[in-house]
Amino acid sequence: MANSAEFRTCPDTGLLFHKPAETLMKLNAVAGIVYLLFGGVIGLLLILTRWPAVHLLQADTFYMLLTAHGLGVLIFWIIFFEIAVLYFTSSTLLRSRLAAPRWAWLGFALMVIGSVTTEVAVLQGRSSVMMTSYVPMSAEPHFYLGLILFAVGALIGCFVFLGTLVIARAERTYGEGSIPLVTFGALTACIIAIFTIASGAIILIPTFLWKVGLINYIDPLMYRIIWWGMGHSSQQINVSAHIAVWYAIAGVVFGAKPLSEKVSRAAFLLYILFLQLASAHHLLADPGISSEWKIFNTSYAMYLAVLASMIHGLTVPGAVEAAQRKRGFNKGLFEWLRKAPWGNPTFAGMFLSVIIFGFLGGITGVMMGTEQLNLIIHNTLYVPGHFHATVVGGTTLAFMALTYWLVPVLFRRDVILPGLAKWQPYLFGFGMIGFTLFMMGAGTLGVPRRHWDISFANALFQYQYPEVAYLMLGLMAISGILAIAGGGLFVLQIVASVLFGRRRGEVKSPIPIIAEPVAAGVHGIGIGGISVPGTLVLALVFLTTFILYYFVNWKYLSQVWGLG
Ligand code: HEM
Ligand SMILES: [Cu+2]
């Protein structure tokens, strides 16, 4: 170990923090939360525009703010937070010094400068190209430049993470064996991130050069293929990172161990191998690409990535169940779940994240990713309905859950208003469940996404939806506002806790914030030879829902086409 004055041992958890790493974790997490606030406020304006009874914003402001929202939350909030997770899972979990803190600072500075540059470009009003910035639509040069700087900064963060793994291995800071599963998950995220950033560079640098006049043509189809190499993979970074967070939370709240380390590691590996191919699901309605290519990539390759998510969806609750049963909550199918700490926002947020990501995000993602079924919902509100379930209900909620735990551990402060913290995840989670379900409902009835004039009131060709579509939009807006309230409370509470929460000092607190690990293995628990029967039942419910929903959509397809 380098210099012990540079380290701090957390009295509550025994975790060893390298001080330069700790500062960088705090900064990245805080920058992320600032963007969550920024994007959330804009989300409120968007939802008030989507509510036909209100229709708040004018068209140009709507598209501008839609762009600012997508980038602010999906890219900036999540990636800043992920960099904090990378530093935590490498330096802290491996008890190692952080590699090259100065580089990490440079990366952080580039990410701040880049993200601010891009958002300023958007708010100046001439870069309303939305998240995907498809050419030949064009934004101002500094829009692209900002994204490129941000990506370079994030790339530096990835290399600092990898460097830290190398140091930890060389200095044997975590003993012999392999790195812990949570770090392994973060490593998966990091490897995918490098691929993602490379795809981003391949497409955004030429687009920047095109915008400043050095290149005179960019093929729109090629743009879309490579852009989605970045766009889809970046979502897989989020999935790997938030699943690593699920495992971490199962560990700290329950002392849970994965049912099988090998299986969980193999599942992470599947992501690396197959997910980039699945990017094709964003191009299913594009002309110029063969059906063979689309179907190969989305059916065969994608299902292997989906398999990985289903494995994690099984092993995370499974590990929690096993740990709870070993603690004595071994009665019946669900005592382990009933007696779970539902009032602990770290657990509640994580569990809701598993359910929302699996049931709402996962099932609908497979439906949309099927070439034929995709036609039903292509470019409708169903699409943002699906991805708010994955990136908000899944990733954002998981990161919020972890943040509740990080406030005492990293910032050494108590969360203020613990009574409020108890129900914040439910407000946000159930708001999001309503929001995404009603959004997908409206989309199934044909309501478009990214279209300001949602009712086609001013369009040349009129179109009348079934009345119930308007009901869906109204309910979507109300649930969206509840979710925004939940998100707002989160930001307020975390900021207030970090600034004004009671200091914990460097002594052990009487209230434990980490569970004693339970013994490995699953002997002597469960019912009739099945060690985690409750999880098995949950998995069967999931499978049944999945199959029913899938077939209902095939049936629906036949009606949409008027062939049935
Ligand atoms: C409660 C909070 C939120 C609400 C109410 C909300 C609402 C909305 C609405 C109404 C749209 C426009 C959909 C359309 O008409 O096309 C939208 C788009 C979007 N949202 Fe959210 N959102 C929230 C949080 C988030 C978060 C946390 C993320 C990312 C982690 C996110 C990512 C996106 C993206 C990527 C788009 C698409 C932008 C584009 O089409 O270019 N949202 N959101
Ligand atoms: Cu995708």
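Atoms within a ligand are numbered from 1 in the order they appear, just like the ligands themselves.
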Quick one: does M25's side chain get under 4.5 Å of F81's, heavy atoms only? no

Taking only non-hydrogen atoms of T396 and a 4.0 Å limit, the atoms of ligand 1 in range are 27 (C), 30 (C)

Side chains of Y223 and T207: do they bring a donor and an acceptor to under 3.5 Å? no

May I ask you to identify the nearest protein heavy atom to atom 27 (C) of ligand 1, giving residue, atom name and distance to one decimal place in Å? V392 CG2, 3.6 Å

Per-atom contacts of ligand 1 with A483, taking only distances under 4.0 Å to non-hydrogen atoms: 1 (C)

Taking 4.0 angstrom as the limit and counting only heavy atoms of M131, give me the atoms of ligand 1 inside it, by number and element. 35 (C), 38 (C), 41 (O)

Just going by heavy-atom distances, which of H69, H451, M439, M400 is nearest to atom 23 (C) of ligand 1? H69

Verify whether one side chain among S455 and Y463 offers a donor that lies under 3.5 Å from an acceptor in the other. no

The Cu ion (ligand 2) - closest N/O/S atom in H232: ND1

Considering the heavy atoms of M130, write down every atom of ligand 1 situated less than 4.0 Å from one of them. 41 (O)

Just to confirm my output: which protein heavy-atom neighbour is closest to atom 12 (C) of ligand 1, and how far is it? L66 CD1, 3.5 Å

For atom 40 (O) of ligand 1, what is the closest protein heavy atom, and at what distance to 0.1 Å? R450 NE, 2.7 Å

Give the residue, atom name and distance (to 0.1 Å) of the protein heavy atom nearest atom 7 (C) of ligand 1. F435 CZ, 3.4 Å

Taking the ring of W342 and the ring of F347, is the distance between their centroids below 6.0 Å? yes

Among all protein non-hydrogen atoms, which one is nearest to atom 3 (C) of ligand 1, and what is the separation to 0.1 Å? M432 CE, 3.9 Å

Starting at NZ of K294, measure out to CG of N374 and round the result to the nearest 0.5 Å. 9.0 Å

When you look for heavy atoms under 4.0 Å from ligand 1, do you find them on the side chain of I78, its backbone, both, or neither? side chain

Would you tell me whether W246 and S353 have side-chain atoms, one donor and one acceptor, within less than 3.5 Å of each other? yes

I'd like to know whether T132 forms a side-chain hydrogen bond (donor to acceptor under 3.5 Å, both in side chains) with W227, so could you lay out the CA-CA distance, the side-chain angles of the two residues, the decisive distance to 0.1 Å, and finally the verdict. CA-CA 8 Å; T132 43; W227 194 93; over 6 Å; no

So for L381, does at least one of its heavy atoms come nearer than 4.0 angstrom to any atom of ligand 1? yes

Given the options F399, F150, Y87, F38, F80 meets ring-ring contact (aromatic ring centres under 6.0 Å, His included) only with F150

Distance in Å, Q493 CD paired with Q424 CD, rounded so as to fall on 0.5 Å steps: 6.5 Å

Protein heavy-atom partner closest to atom 17 (C) of ligand 1 - residue, atom, separation in Å: H388 CE1, 3.5 Å

How far is atom 34 (C) of ligand 1 from its nearest protein heavy atom, and which residue and atom is that? F387 CE1, 3.3 Å

Counting only heavy atoms closer than 4.0 Å, does ligand 1 sit against the backbone of R50, its side chain, both, or neither? side chain

Do I192 and S233 come within less than 4.5 Å of each other through their side chains, counting heavy atoms only? yes

Protein heavy atom at shortest distance from atom 11 (C) of ligand 1: L46 CD1, 4.0 Å

Distance under 4.0 Å to a non-hydrogen atom of V391: what atoms of ligand 1 satisfy this? 29 (C), 30 (C)

So, applying ring-ring contact (aromatic ring centres under 6.0 Å, His included) with F490, which one of Y426, F428, Y404, W423 is it? Y404

